[in-house]
Amino acid sequence: MNSPNTKIPLPYNRSRQAREAETMLDHLTDDFDDNPAAMDYFYDLFRRAYCQGESLEREGVRVGTTCIHAPEELIYAMGATPVRLCNGSYHYDQVGADFMPAKSCSLVKATLGMLSSENVIPKVGKLDLIVNPTTCDQKKKASAMMVGMGHKVYNLELPPAKESEQARLYWQRSVREFVQQLRQLTGKKLTRKNLTAAMARTSRAQAAFRTLHNFRRKSPSLVLGKDVFLVTNAYFFDDIERWTEAVEKLNAELARRDQDGFCAAQKKAPRILFTGSPPIFPNLKLPLLIEESGGVVVADETCSANRMLYDMTAVDEWLVNDMVDSLADKYLKPCTCPIFTNNDDRLRRLVELAKSFAVDGVVYQAFSGCQVYEMEQKSVADALNKEGIAMLYIETDYSPDDMGQLTTRIEAFLESLKTRKRNRK
């Protein structure tokens with residue numbers, strides 16, 4: 001295995017997306033001292049997949065997913081492999097802009113741009129099915145575009161609310177119908193045995209993530225947020241067992257760091273909670289700017305990290321139909337996605353995270369054109385303000401053109417947090 005700091009020669013005609021990924025990885029590895037040794041696995045994984053274009057190992061049927069609402073346990077149980085399709089490449093964002101409105105969400109544009117392209121990086125292979133949960137309006141409309149590109153798409157229908165029993169039953173029926181779709185695709189029947197085995201695989205991964213999540217509570221910080229975001233992004237495409245083992249090794253190293261009193265950031269570095277539109281590799285520019293400017297991201301509330309792996313499935317009856325309903329509940333009840341009409345759970349969760357992780361401020365990212373995150377920032381700001389928690393709202397996209405402006409705003413915000421902290425003493 002190559003060291004992540006060893007620059008692997010790339011072909012002269014390497015793709016723009018490969019250069020984009022290489023630049024980001026160089027920032028993540030070279031511009032920070034004392035990166036955890038266990039992170040070498042993840043740095044190398046991204047270099048091989050994104051820079052060298054190495055094909056990813058996939059077992060059986062490949063099921064692409066556009067959102068965390070697609071129950072991966074059911075996909076594994078039916079002998080298929082889930083592949084998360086959310087994309088953070090500015091190159092694919094520009095490709096998607098050829099057939100998407102200019103004010104569309106960068107994440108949706110980049111995902112469609114990737115699906116419409118040849119020689120995709122990372123190489124996920126031929127997708128036998130794309131599961132598209134009907135979350136935001138842009139993803140709903142993207143479904144028809146995916147079909148037009150020649151992909152087989154199944155729309156997994158979500159209710160607009162989650163509080164009522166009607167919404168719960170509607171979602172459970174949607175998930176049961178998804179099981180039937182998978183059965184037609186794979187020719188396999190869902191059983192208690194194969195679903196229990198699949199849940200065990202994901203439960204171990206979730207347990208490893210929760211341990212990592214709890215290490216981030218430590219002050220001073222044991223690990224930087226830029227590394228945690230890379231770890232959770234690796235979950236999109238890595239083999240789940242290898243990913244879990246790598247996270248467990250990282251946790252063991254963080255435990256040693258804790259015993260040794262190690263500091264990953266300056267002791268007085270402002271502690272930041274990150275929320276809003278998710279940082280998807282290679283677009284980690286905002287978390288990276290925060291930590292390059294002297295802050296440290298100690299917690300997050302996004303669908304590509306905390307929200308993706310935090311919640312566990314609670315099963316009351318170990319009969320296959322009851323297990324499917326329990327899985328459906330796990331993907332609906334705790335979810336704090338802004339697509340729901342009433343989202344008090346998100347406000348509560350953010351305040352809870354801010355307090356339990358002793359954060360100094362919150363950075364709220366909204367991709368330009370992502371209306372649900374843009375519309376919800378006011379209620380989030382009001383809820384945090386009542387608790388005396390400062391928030392910086394940033395509307396951005398995948399373009400690198402606003403890096404200078406963002407750096408100025410972030411540095412000013414971090415300095416204001418330091419001033420508030422001094423004044424409280």
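Remark: Gln94 pairs with Arg16, Tyr90 by the side chain to side chain donor-acceptor pair (under 3.5 Å) rule, at least two apart or across chains. Applying the ring-ring contact (aromatic ring centres under 6.0 Å, His included) test to Phe340 and every residue at least two apart in sequence or in another chain returns nothing. Remark: Lys218 pairs with Asp258 by the salt bridge (Lys or Arg N to Asp or Glu O under 4.0 Å) rule, at least two apart or across chains. For Phe237, the ring-ring contact (aromatic ring centres under 6.0 Å, His included) partners two or more places apart in sequence, or in a different chain, are Phe46, Tyr50. Residues meeting the ring-ring contact (aromatic ring centres under 6.0 Å, His included) test with His69, sequence neighbours left out: none. Under the salt bridge (Lys or Arg N to Asp or Glu O under 4.0 Å) criterion, Glu54 pairs with Arg48, not counting sequence neighbours. Under the ring-ring contact (aromatic ring centres under 6.0 Å, His included) criterion, Tyr393 pairs with Tyr364, sequence neighbours left out. In this structure Glu411 satisfies the salt bridge (Lys or Arg N to Asp or Glu O under 4.0 Å) test with no other residue, sequence neighbours excluded.
Remark: Glu248 engages Arg204 in a salt bridge, criterion side-chain N to carboxylate O under 4.0 Å. With respect to Arg47 and Asp44, no salt bridge is recorded, no charged nitrogen being found less than 4.0 Å from a carboxylate O. Ionic pairing of Asp300 and Arg216 is present here: one or more N-O contacts between side-chain nitrogen and carboxylate oxygen are shorter than 4.0 angstrom. Note on Glu245 versus Arg242: no salt bridge recorded, every NZ/NE/NH1/NH2 to OD/OE distance being 4.0 Å or above. A salt bridge links Lys162 to Asp345: one of the charged nitrogens lies within less than 4.0 Å of a carboxylate oxygen. Using a cutoff of 4.0 Å between basic side-chain nitrogens and carboxylate oxygens, Arg168 and Glu165 are scored as salt-bridged. A salt bridge links Arg348 with Glu352: at least one charged nitrogen is closer than 4.0 Å to a carboxylate oxygen.
With no hydrogens or angles considered, a side-chain donor-acceptor pair links Asp402 and Thr396 at under 3.5 Å. With 3.5 Å as the limit, one finds no donor-acceptor pair spanning the side chains of Thr302 and Arg307. The closest side-chain donor-acceptor pair between Ser368 and Asp397, if any, does not fall under 3.5 angstrom. Side-chain N/O atoms of Tyr43 and Asp227 include a donor and acceptor closer than 3.5 Å.
Tested against Tyr235 for a ring-ring contact (aromatic ring centres under 6.0 Å, His included), the candidates Phe281, Phe209, Trp243, Phe42 yield a single pass: Trp243. Here the rule is side-chain contact (heavy atoms from CB on, under 4.5 Å) with Leu250, and of Val228, Val231, Thr211 only Val231 fits it. Remark: of the listed residues Val61, Thr191, Leu182, Leu195, Leu182 is the sole one forming a side-chain contact (heavy atoms from CB on, under 4.5 Å) with Met78.
With rounding to the nearest 0.5 angstrom, the CZ atom of Arg19 is 9.5 Å from the NE2 atom of His91. Taking OG1 of Thr134 as the reference point, atom NZ of Lys139 lies at 11.0 Å (rounded to 0.5 Å). Interatomic distance, Tyr41 OH to Lys249 NZ, rounded to the nearest 0.5 Å: 9.0 Å.
For residues 67-80, the pairs satisfying salt bridge (Lys or Arg N to Asp or Glu O under 4.0 Å) are Glu73-Lys330, with sequence neighbours left out. Pairs of residues two or more places apart, or lying in two chains, never qualify as salt bridge (Lys or Arg N to Asp or Glu O under 4.0 Å) while including a residue from residues 142-161. Residue pairs meeting the salt bridge (Lys or Arg N to Asp or Glu O under 4.0 Å) criterion with at least one member in residues 369-379, sequence neighbours excluded: Arg346-Glu376, Lys378-Asp382. Counting only residues at least two apart or in different chains, salt bridge (Lys or Arg N to Asp or Glu O under 4.0 Å) contacts with residues 92-109 comprise Asp93-Lys109, Lys103-Glu395.
A donor-acceptor contact shorter than 3.5 Å links the side chain of Glu291 to the backbone of Val297. Put simply, the side chain of Arg271 gets close to the backbone of Arg217: a donor and an acceptor are under 3.5 Å apart. For the pair Ser104 (side chain) and Met100 (backbone), a donor-acceptor distance under 3.5 Å is absent. A side-chain donor-acceptor contact under 3.5 Å links Glu253 to the backbone of Ala37. No donor-acceptor distance shorter than 3.5 angstrom exists from the side chain of Lys188 to the backbone of Ala77, with no hydrogens or angles considered.
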Q: Show the numbers, then the answer: is there a side chain to side chain donor-acceptor pair (under 3.5 Å) between Thr66 and Asn132?
A: CA-CA 5 Å; Thr66 63; Asn132 186 46; 2.7 Å; yes
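Crowding of Met149 atom CE: a count of heavy atoms from other residues, nucleotides or ligands under 6.0 Å exceeding 12.
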